[in-house]
Every structure is written in C-alpha cells, then in structure tokens.
Amino acid sequence: MSTTVCRTRLSRQFFRALQLRRCYSTPTHAPVTLLGKEYPRDATTNITSAIIDKVGRNLYMNPSHPLGILQSLISSHFRDFNSMTGVPPVVTPAQNFDDLGFPADHPGRSVTDSYYINRDLMLRTHTSAHEVEVFARGERKWLLSADVYRRDEIDASHYPVFHQMEGARVFSSDANGKAEVQEDNERLSQHLARSNIIIEDVPHISPTNPPQDVHDPVLAELVAHNLKLSLNSLMLTLFGNRAGVNEGEPLRVRWIEAYFPFTTPSFEVEVFFRGKWLEILGCGVVQQQTLDRAGVPGSISWAFGLGLERIAMILFSIPDIRLFWSQDPRFLSQFLAGQITTFKPYSKYPACYKDVSFWLPDTGLHDNDFCDLVRDTAGDLVQDVVLVGRK
Ligand code: PHE
C-alpha cells in the first residue's frame with residue numbers, strides 16, 4: 001500500500017472547518033447544479049462546490065486576461081481556422097475516453113483522477129473530448145478553447161481547472177489532399193527558412209512512431225510534416241523575438257516522439273526558454289477511428305492540444321497558477337488586450353488603507369515641501385496628500 005503525505009500550510013481553523021463540512025456536507029440526494037442545469041447524483045459523484053464555482057468563469061474569453069490574450073494570439077496565428085469557444089464542460093466518459101481509444105483500464109478514467117457529475121457524465125479532462133463532434137460538423141481547420149478539469153496535486157503549477165486549446169486540420173486522403181499538403185508545406189518551409197529558429201527534429205514516421213495501416217505512408221508523412229511546420233510557426237509567433245527573451249538568439253524548438261491513444265505518429269514539442277526546456281504541447285496524426293466515428297470518410301487529419309496556463313505563466317512571468325483566478329484589480333489591471341507584458345508581483349494580502357494626519361508648523365514649510373518629504377519617504381505607496389485645514 002502506498003501512503004500519501006499531504007502538506008498544507010493551513011491553520012487549525014481550517015481543519016475544524018473540514019470536520020464541520022464532513023458533518024454538514026451537502027445531502028447525497030441533492031442534485032448537482034451546473035450552468036443552471038440539474039443533474040442527479042449517484043455513488044460516482046465526486047464534483048465539489050469549489051469546482052462547480054469555477055464552471056462558467058471562462059477566463060480565456062476575457063480579452064484582457066493573460067489567458068484571453070494568449071488565446072487570441074493563437075487564434076490570430078491560425079487566421080483561417082474556425083476558432084470555437086464557450087462549449088460547456090459536461091461530457092460523457094465515451095466522448096472523453098472511449099471515442100478516442102482510451103483503454104478500459106486507463107488511470108485517467110478513475111474517480112481519483114477525474115471529476116464525475118454522476119456515472120454517465122463528467123467534466124472533460126481535455127479538449128480532445130470534442131474532436132468527434134467537431135469533425136462530424138465537417139470543420140476542416142478548427143481551434144477549440146475551453147476549461148478542462150483534473151483532480152491533481154496542490155502547488156504553484158497545478159490547479160484542478162485549467163484551459164486548453166485543441167487545433168486540427170483535415171485534408172482529403174486523395175490526390176487533391178496530397179497537393180494541398182505539399183503546397184502548404186512548401187509555403188511554411190519557406191517562412192521558417194527565413195526565420196531565426198533551430199529545430200531539433202525526429203523522423204515524421206518511424207518504427208517506434210508508426211503511421212496507421214489505413215494510411216498511404218507517403219501522405220501520412222506529408223501530414224505529419226505539415227503538423228510540425230504549422231506548430232514550429234506557432235512557436236515562432238509565441239516565443240520568437242520576444243524582447244528580453246532569447247534576444248537576438250535563435251529560438252530552439254525540440255520534437256520528441258510521444259504516445260497518445262488517439263494519434264499516431266504522436267509528438268511532444270518543447271521550447272528552450274530562459275535556460276530550460278519547457279514542454280509546450282502534444283500532437284499527432286489523428287487515429288482514423290476518430291474520423292470514422294465522426295463520419296468523415298476519405299480524410300486524414302492532424303491535431304494538437306496545448307495548455308494555456310503553462311504558456312501564459314512563461315510569457316507573462318506569472319509565478320503561480322492560482323493567480324489566473326484572482327479578481328484582485330492589482331492583478332487584472334496589469335494586462336491589456338493584445339499585449340504580452342511582464343507581471344509585476346504584489347503582496348498576496350489585500351490592500352490595507354491607512355490615513356495618517358500631520359500637524360505642520362505655521363511657517364517655514366510650504367505645502368509642496370511637505371509633499372516632497374512624503375514622496376521621498378514613501379514613494380508611490382501614498383495615494384494622495386490632502387490639506388484639510390489652515391488656522
Ligand atoms: N489531449 C492531449 C492532452 O491533454 C493533447 C493532445 C491533443 C495530444 C491532440 C494529441 C492530439 O494531453
């Protein structure tokens with residue numbers, strides 16, 4: 001048996017509150033209310049009110065929130081892709097897992113890893129849960145941004161709610177499709193050749209990262225190459241030539257073979273940033289069963305999924321993932337739509353206003369002398385100085 005040791009820096013009061021909650025927690029028969037809809041509970045229900053409170057916040061849809069700024073930057077990079085938002089997070093385990101080929105015993109399915117509303121419905125753990133329905137609508141170039149939910153540890157880089165963007169591009173698996181991929185690969189290769197980027201690559205397909213039997217290996221290779229070129233170009237938009245970051249130096253991008261149940265070949269992308277390799281996204285050539293399930297025969301597609309928080313923390317220098325949920329104006333007022341700026345830390349305690357009064361001598365000290373004295377001593381901490389009366 002394994003033992004988990006939880007360290008919390010919390011007071012005795014917190015533990016008392018926990019005990020009280022255990023006595024007075026929501027009766028098991030009360031339905032779960034999510035986005036105005038009621039769902040019956042059962043023995044599988046493990047969603048908590050702290051999580052329910054987060055559903056519908058849609059941080060990534062706020063254009064002047066770091067997550068919204070990053071979401072817009074990625075959407076505008078993929079200019080001719082249909083960028084979807086606002087899709088509710090309630091999905092079936094079939095959408096989240098089965099349709100994507102997750103095995104029946106995959107640990108992600110367990111109630112210790114995912115949030116279940118009841119045995120039939122859960123909160124999506126990734127945006128890939130919507131692949132089948134979006135492909136089924138006939139979308140060929142699309143992005144989908146959404147909140148995703150995973151039960152996880154508590155620290156500065158994990159939070160049970162975070163945001164992902166899924167992107168996919170479908171080609172016809174005939175001569176027209178092949179010509180379209182080739183043309184796009186040519187265009188993207190030229191763009192990358194003119195850019196300051198060094199790419200450490202792995203083969204597009206290999207025995208350890210094979211194409212699918214149903215695919216023409218030449219086309220599968222072209223599509224995997226298109227995926228890589230498209231994402232290298234995104235990495236340039238996100239990380240290339242950012243003031244203070246890799247200044248003048250080439251951007252370094254590294255491709256690694258990976259495994260996902262719903263893609264093959266599969267890859268992960270890492271970027272070298274401020275002295276470290278950072279994992280940015282997962283991607284691959286979509287398993288044909290996903291496209292079959294969506295009812296779009298004669299097609300081949302690539303897909304990628306990336307976490308917005310991880311990238312936003314790097315680009316905006318935000319040290320703690322919990323800050324994204326802050327409603328403190330000292331956080332929110334720092335960011336402007338369309339701009340990547342460096343976060344300026346502030347006290348984690350709320351502002352505390354203090355009025356201080358001074359009696360000044362009748363002569364020898366001008367109001368402005370006093371103001372300079374204040375400025376010198378307290379700098380920008382002082383909001384204003386008001387003369388309240390004169391004898
Ligand atoms: N859904 C995967 C994840 O959350 C990422 C991914 C998306 C990988 C699309 C491949 C293709 O880790």
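One-based numbering, in listed order, for ligands and for the atoms of each. Only a predicted model underlies this, so the values are computations on that prediction, with no experimental measurement involved.
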Value rounded to 0.5 Å, distance of CD in E268 from CD1 in I256 | 6.5 Å
May I ask you to list the atoms of ligand 1 that are less than 4.0 angstrom from any heavy atom of G282?
-> 6 (C), 8 (C), 10 (C)
May I have the step-by-step check of ring pair (Phe, Tyr, Trp, His ring centres under 6.0 Å) for F272 and W277, ending in yes or no?
-> CA-CA 4 Å; F272 195 73; W277 284 104; 5.2 Å; yes
Filtering M165, Q164, E131, E268 for the heavy atom nearest atom 4 (O) of ligand 1 leaves Q164
Numbered in order shown, the ligand 1 atoms found under 4.0 Å of a heavy atom of C283 are 8 (C), 10 (C), 11 (C)
Test of proximity, H126 against ligand 1: N or O pairs below 3.5 Å = yes
Taking the six-membered ring of F267, is the NZ or CZ of K228 close enough (under 6.0 Å from the centre) and on axis enough (within 45°)?
-> yes
Identify the closest protein heavy atom to atom 1 (N) of ligand 1: which residue and atom is it, and at what distance?
-> S128 OG, 2.9 Å
Where is the nearest protein heavy atom to atom 2 (C) of ligand 1: which residue, which atom, and how far?
-> F262 CZ, 3.8 Å
Ring-ring centroid check W302 F171, cutoff 6.0 Å | no
For atom CG of D355, decide whether the heavy atoms of other residues, nucleotides or ligands shown that lie under 6.0 angstrom number more than 12.
-> no
Looking only at non-hydrogen atoms, the one of F267, Y259, F260, F304 nearest atom 12 (O) of ligand 1 is F260
Partners of S172 by side-chain hydrogen bond (donor to acceptor under 3.5 Å, both in side chains), sequence neighbours excluded?
-> R140
Apply side chain to side chain contact (heavy atoms under 4.5 Å, CB included) to L59 and L308, showing your working.
-> CA-CA 11 Å; L59 299 178; L308 288 177; over 6 Å; no
Would you indicate which of A129, G284, G305 comes nearest to atom 7 (C) of ligand 1 when only heavy atoms are counted?
-> G305
To which protein heavy atom is atom 9 (C) of ligand 1 closest, and what is the distance rounded to 0.1 Å?
-> E166 OE2, 3.4 Å
Does R124 come within less than 4.0 Å of ligand 1, judged by its heavy atoms?
-> no
